[in-house]
Amino acid sequence: MAGVRPHAHIQNEPGVDPHAPRGTNLVVNEIYASIQGESTYAGLPCVFVRLTGCNLRCTWCDSEFSFYEGTRQTVDEVVAAVERLGLPLVEVTGGEPLLQPGVQPLMTRLADKGFRVLLETSGSLDISPVDPRVVRIVDVKCPASGESERNRWENIKHLRPTDELKFVLADRADYEWARACVRERDLAARCTVLFGPVWDRVPPRELAAWILEDKLSVRFQIQLHKYVWAPDARGV
């Protein structure tokens, strides 16, 4: 969930429960403008809307600060903040953004206003209600994440060619598991499939060599923001 140092940032407020029923309100961890660091949109200027809360606890998570910290905002307030940053590309991320019901009207509002909207989601929740104009970047959790049993495989049938599947790989065993998923489920025929290494766990050159050796129809990626800025920087 990607970017480099923000140009604008909404401060966090700890201790807010993101699951409290507040209509179309949202609990927002941060909103900032940056450079997209992952997916086929990597390198493009982008506004990131990071929502608070996550139902998973991946072993290699780099955004644990988004689990609890946030400020409550209306959809109107979030849209206004995005508009002030003045970029045509917006990614809604987390945490797990689909946990909050207000994310659906938020994405629709952004698309109505002409933004290109990306959704980054863990793949553990139903993606079918998402506005069809939104590009869904769906994680497939590998075994080393500790959350592979939470993958919602029913989501595959909802994928469109414009969507993307992302595998984050922590070791060779993860790679072999992901390779089997791609081949057995014919995932590359459905949409773009992304393979990327966990930072500081798998050397990028090694992963690239595995993909080439197997002639796998996937897109290799690295987290660009961690090369441009500090790997542990907040707001990225």
Side-chain angles (χ1 to χ4, degrees), residues 1-3 18 22-28 31 33-34 36-56 73-83 85-141 150-168 181-182 185-196 217-219 221:
M1 299 187 179
R22 297 290 180 92
T24 57
N25 285 2
L26 294 157
V27 182
V28 181
I31 301 174
S34 187
Q36 177 62 254
E38 300 181 65
S39 80
T40 62
Y41 294 83
L44 293 175
C46 182
V47 175
F48 291 84
V49 178
R50 188 185 301 279
L51 300 185
T52 300
C54 191
N55 56 323
L56 303 185
Q73 299 177 47
T74 66
V75 169
D76 286 345
E77 289 170 331
V78 176
V79 171
V82 171
E83 290 181 316
L85 292 172
L87 297 175
L89 184 65
V90 181
E91 176 170 297
V92 181
T93 184
E96 173 47 69
L98 291 181
L99 284 174
Q100 299 194 43
V103 74
Q104 304 291 354
L106 170 64
M107 292 186 291
T108 293
R109 284 280 304 282
L110 291 169
D112 286 346
K113 286 182 170 287
F115 290 101
R116 183 61 162 161
V117 183
L118 314 178
L119 168 70
E120 178 132 13
T121 176
S122 68
S124 65
L125 301 175
D126 185 7
I127 65 170
S128 64
V130 174
D131 190 299
R133 296 170 293 180
V134 173
V135 175
R136 299 168 299 185
I137 303 169
V138 182
D139 284 12
V140 180
K141 299 301 184 185
R150 306 288 292 278
N151 287 317
R152 183 183 175 91
W153 295 109
E154 297 90 338
N155 279 332
I156 291 176
K157 67 184 178 184
H158 300 301
L159 293 169
R160 297 182 295 269
T162 53
D163 294 326
E164 303 183 8
L165 284 173
K166 184 177 76 170
F167 291 81
V168 178
C181 287
V182 170
R185 298 175 183 271
D186 199 19
L187 297 181
R190 291 183 174 272
C191 66
T192 297
V193 178
L194 309 163
F195 273 25
S217 295
V218 301
R219 180 184 289 261
Q221 69 167 17

Worked check of side chain to side chain contact (heavy atoms under 4.5 Å, CB included) between Phe48 and Val90: CA-CA 6 Å; Phe48 291 84; Val90 181; over 6 Å; no
Derivation of the side chain to side chain contact (heavy atoms under 4.5 Å, CB included) call for Val193 and Glu164: CA-CA 6 Å; Val193 178; Glu164 303 183 8; over 6 Å; no
Verdict with supporting geometry, Arg152 and Ser124, side chain to side chain contact (heavy atoms under 4.5 Å, CB included): CA-CA 5 Å; Arg152 183 183 175 91; Ser124 65; 5.6 Å; no
Glu120 and Lys166: CA distance, side-chain angles, deciding distance, salt bridge (Lys or Arg N to Asp or Glu O under 4.0 Å) verdict: CA-CA 9 Å; Glu120 178 132 13; Lys166 184 177 76 170; 2.3 Å; yes
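Atom OG of Ser122 is separated from atom CG of Leu99 by 7.5 Å, given to the nearest 0.5 angstrom. Rounded to the nearest 0.5 Å, atoms CG (Leu119) and CD1 (Ile127) are 8.5 Å apart.
Across all non-hydrogen atoms, the minimal contact from Val134 to Arg160 is O-NH2, 3.1 Å. When all heavy atoms of Ser39 and Ile137 are compared, the closest pair comes out as CB-CD1, 3.8 Å. Of all the heavy atoms in Val138 and Gly123, the pair that sits closest is CG1-CA, 3.6 Å. In terms of heavy atoms, Ala111 sits closest to Val117 at N-CG2, 3.9 Å. Smallest separation of non-hydrogen atoms from Arg136 and Leu159: NH2-CA, 4.0 Å. For the residue pair Gln100 and Thr52, the shortest heavy atom distance occurs at NE2-O, 2.9 Å.
In this structure, a donor-acceptor pair under 3.5 Å is present between the side chains of Glu96 and Thr121. At a cut-off of 3.5 Å, with distance as the only test, a side-chain donor of Asp131 or Thr108 sits close to an acceptor on the other residue.
In terms of modelled atom types and a separation under 3.5 Å, the side chain of Asn151 and the main chain of Trp153 share no donor-acceptor contact. Although no hydrogens or angles enter the test, the distance criterion places no donor-acceptor pair under 3.5 Å between the side chain of Asp163 and the main chain of Val135.
Inter-residue side-chain proximity for Leu26 and Val75 is flagged as met; some heavy-atom pair is nearer than 4.5 Å. Annotation: side chain of Val168 is not in contact with side chain of Phe195 (no heavy-atom distance under 4.5 Å). Residues Leu56 and Arg150 meet the side-chain proximity criterion, which asks for heavy atoms closer than 4.5 Å. Looking at heavy atoms from C-beta onward, Val92 lies in side-chain contact with Val103 at the 4.5 angstrom threshold. Using a 4.5 Å heavy-atom cutoff, the side chains of Leu165 and Leu194 are not in contact. Side-chain contact check for Phe115 versus Val82: some heavy-atom pair is nearer than 4.5 Å. No side-chain heavy atom of Thr93 sits under 4.5 Å from any side-chain heavy atom of Val49.
Scanning for side-chain contact (heavy atoms from CB on, under 4.5 Å) contacts around Gln104 gives Leu98, Met107, Pro129, Val130, with sequence neighbours left out. Listed by chain and residue number, Ala188 satisfy the side-chain contact (heavy atoms from CB on, under 4.5 Å) test with Ser217 (two or more places apart in sequence, or in another chain). Applying the salt bridge (Lys or Arg N to Asp or Glu O under 4.0 Å) criterion to Arg185, with sequence neighbours excluded, gives no partner residue. Checked against salt bridge (Lys or Arg N to Asp or Glu O under 4.0 Å), Glu83 has the following partners two or more places apart in sequence or in another chain: Lys113. Considering only residues two or more places apart in sequence or on other chains, Leu89 meets the side-chain contact (heavy atoms from CB on, under 4.5 Å) condition with Tyr41, Leu44, Cys46, Arg116, Leu118.
For residues 97-112, the set of pairs meeting the salt bridge (Lys or Arg N to Asp or Glu O under 4.0 Å) definition, not counting sequence neighbours, comprises Asp76-Arg109, Asp112-Arg133.
A salt bridge is absent between Glu91 and Arg50: the closest approach of a Lys/Arg side-chain nitrogen to an acidic carboxylate oxygen does not fall below 4.0 angstrom.
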